[in-house]
Amino acid sequence: MNAALEQVVYLVDDDTAVCDALQLLLTASGLRVQAFSSAESFLEKYRPHDPGCLLLDIRMPGMGGLQLRDELVARKIALPIIFITAHGDIPTAVDSLKKGAVQFLVKPFDDHQLLKEVFEALAVDARMREQAAQDAIVEERLRSLTARERQVLELVLAGKTSPAIARELFITVKTVEFHRSGIMQKLGVSSLQQLFKTYLRKVES
Amino acid sequence: MPTLASLLLNYPRGAAALSILLVGSIAAADYATGYELRLAVLYLVPVFLATWSAGRLLGSMVAIASALSWLLMFRSSHPYSEPIYYYWEGVILCATLVAFAQILGRLRRALKNADERFATVLEGLDAAVYVHDIDSGAMLYVNHRFQEFFADHGNACNAHQFETSFEATPPDFISRSVAAQVNSKALRGEIFDRRSDRWFLVYSRVIRWVGGRAVGLKVLTEITEFKQAEAAGRAQVEKLQMSSKLLSIAEMASALSHELNQPLTAIASSNQACVRLLRSAAPDPALLLETMEKCAAQAVRAGEIVNRIREFVRKREPTRSAQELNAILQESLRLIAPEVAASGVSVTFDLAPGLPPIFADAIMIQQVLVNLIRNGIEAMQQTASGSRHLFIASQRSGHARLSVSIRDTGSGVPVEIEPKLYTPFFSTKQGGMGIGLNISRSIIEFHGGKLWHESASDGGSIFGFTLPALTA
C-alpha cells in the first residue's frame, strides 16, 4: 500500500498539551502526524489531495471544528474527519454525525479506540482515493470514445443485441460489431461482464 | 371591707331591702330609747348601704325615708316648744343624709369608673398580663388575654410552674426575673410555648402590690408571626444562595468538564504513548522523560482546576466585607477564562482607578458577574468571530455609588423578550434554567444596588449594576 505510507494524520487542537500528547501517541504507533493549533493554520498548510485523515477538536477559538468541516466541504475536500471534544454534549455529536463525520470521540479516550478510529478513517481515505483514481481513468477512457461509439455503448449497456442496435442506428450489424470491439479496446475491458461492471453506473450518470 | 363592698355591689336589691329594714329598726329603736338617747346618726348606715350598692338615687330615697321616719318617731316621744324647730331639725337631718348619699354616690361612681378604665385597658390588651407572689408563685391577677392564651395550660395557676414549662431565651431569664429587686429595670426575654408553637416576648419586673409586698409583674406579647417572618426571611436568603450556587454549578459544569477533560486527555494520551514507546524495540529515554514530565504538569493543571471549582462551590455563609470592586471584576473573568477563550471573545477592561471599597460578599458579586459575562458571550454566538468584543467597565456613579457595565457586541435583547428578562424559569437558551438574571438581580438588590440593562448604540446590549460604596 503505497498510499498508506503517504497518509498523514492531521491533528487540529488549540490545547498544546493535548496536541503534543496525541502527536506523540500517534507517532509512537507508527503514524505520520502533522499538528496544528488552529483550523486556520491547517487550511493554510493543507494541499487538496494530500491523503490522510483529520483529527479535529470541535471547540476552538476562531474557527471551530464544525466550521472547518463546512469549509472543507465547500472546497470539495473529502478528508475523513474524527471529531474530538472534551465537551461531550449530545446535540453537537448528533449534528456532526448527520453531516457525515466519520467518527466522534469524547475526551479523554482510550488509545485503542483512538487508533482504531484513526486507522479506519485512513482506510476510508485510501478507499476513497483509489475509487477517485479509478473514476478518473474511467472518465478519461470514456472521453476517448467517438460520438458513434458512445451511442453504441449506451445501447449495449441498455441490454440491446447487435442486430437491434444495427436496426436502431440504421447501420449494418457488421459495423456495430466493429464499434463494439473498438469500444472494448479503448475502455480496456476484455469481456461484456467487465464492461457492465465498470461502466454501467458511469454512463448512466 | 373589700369583700363586703363587693358583696353589696353584686347584690344591689338585697342591699336595698336590707337598708329599708335597717331604717325601720333604727326608727323603732329611736322610739324605744326616747328623747335622751338620740340614734339619728345610725341612719348613715342604711343610707351608705343603699348608696354603695344601688347608687345615688336609691341612697337619696333612703336618706329621705330615714328623715321621715325620724320625724315620725321623734315627734311621738318629745314635743318641741315650737313645731317649727322640730321640722327644722328634720329638714337638717334629711339634707345631711341626702348630701351624704350624694357625695358617697359620686365617690362610688368615680371609683367604679377608675376601676373600669383599669380593667378595660388590662383586659383589652393584646398582651397577656399576670401578677404573682414572688415566693409562692401564686397568681394574684391574670388578665383576660392570659386566660385565653393559657386556658388549657395545666400549670397556669402557679407562676413558678407556669414559667418553667417554657423554653426561655436567654435561658436564665426566668430565674433572674424572680430574683430581681423592686422597681429595678424591666427584664426582657423570649419564651417559646412548645404546646401551641407560639413565641412570646416577656417583660418582667418586680412591683409593689396592694399592701406593699413585692410581687412579680409579667407582660407577655405574642411574637409568633414576627418570628415566623424572620425565619422565612432567613430561609429565603439561604435558598437564594443555594439556588444561585446550584445555577452556577449547573452552568459551569459543562464548561468545567471541558476544561478538566483537556489535561486528562493529555495525561491519558501521553501515558499511552509512553507505554507504546517502552514496548518498542529501542525506547528513547529522553523522549520518555520529557513525556512523563509533561504528564505530571498536566496533572497539576487538572488539580488547579478542581481547586478552583471547590473554591467557587464551597458552602459558605454570606460574609460581607470591604471589597475592591475592580479586583472582583478581574477575578470573575479569570473564573470563566476558559469559556471566554473557547468562545473567541476579546475582553476589554475599562476600570476606574482609586474607587472606594464596596461592602459586599465577593463570591456573590462574582456569581452575578460570571452570569452577566456568560450571557454576553452567549449573545455573541452569531456574531462574526472577529467582532466579538466584551467591554467591562467600572466607574463612580453619583454620590457614594459605584457602577459596573458589561457591554457586548451581540444582536441585543429582542423586544419581545425584554419584558420577560427577569422572569424566573424563562430562558432563550437551550438547556438554560432561566433564573440567572433573576438571581443576579436579587443578589444586587440584597447588596443595596440595582441591576439594569439597555441597548448599546451598536446594537449589542449593556447589562450593568450599581452598588453602594462603603463610606467611612
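Proteins come first, then strands; the chains are lettered A, B, ... in the order of their sequence lines, and each starts at number 1.
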Do A/K107 and A/D13 sit within salt-bridge range, that is, some charged N less than 4.0 Å from a carboxylate O? yes
Could you tell me which portion of A/D111 (side chain, backbone, both or neither) has an atom closer than 4.5 angstrom to a non-hydrogen atom of chain B? both
Relative to chain A, which segment of B/R301 carries a heavy atom at a distance below 4.5 Å: side chain, backbone, both, or neither? side chain
B/A342 versus chain A, heavy atoms under 4.5 Å apart: side chain, backbone, both or neither? both
Measure distances from B/L287 to the heavy atoms of chain A and classify the residue's part below 4.5 Å as side chain, backbone, both or neither. side chain
With a 4.5 angstrom heavy-atom cut-off, is it the side chain or the backbone of A/L115 that approaches chain B, or both, or neither? side chain
Counting only non-hydrogen atoms closer than 4.5 Å, can you tell me which residues of residues 290-300 of chain B sit against chain A? B/T291, B/K294, B/Q298
N-O pairing of A/R127 and A/E130 below 4.0 Å: no
Could you tell me whether the side chain of B/S270 reaches within less than 4.5 Å of the side chain of A/L24, counting heavy atoms only? no
Chain B: which of A/T27, A/L25, A/D14, A/D20 shares the most heavy-atom pairs with it under 4.5 Å? A/L25
Say whether B/N326 and B/Q330, considering side chains only, have a donor N or O and an acceptor N or O under 3.5 Å apart. no
Approximate separation, where rounding is to 0.5 Å, of A/R148 CZ and A/L153 CG: 13.5 Å
Would you check if B/N371 and B/V368 make a side-chain contact, meaning some heavy-atom pair closer than 4.5 Å? no
State whether B/R374 and B/E378 are salt-bridged, where the test is any N-O pair (Lys NZ or Arg NE/NH1/NH2 against Asp/Glu carboxylate O) under 4.0 Å. no
Under 3.5 Å, is there a donor-acceptor pair between the A/E149 and A/T146 side chains? yes
Apply the test side-chain contact (heavy atoms from CB on, under 4.5 Å) to residues A/I77 and A/Y46: give CA-CA distance (whole Å), side-chain angles for both, the deciding distance (0.1 Å), then the verdict. CA-CA 10 Å; A/I77 296 173; A/Y46 181 78; 3.6 Å; yes
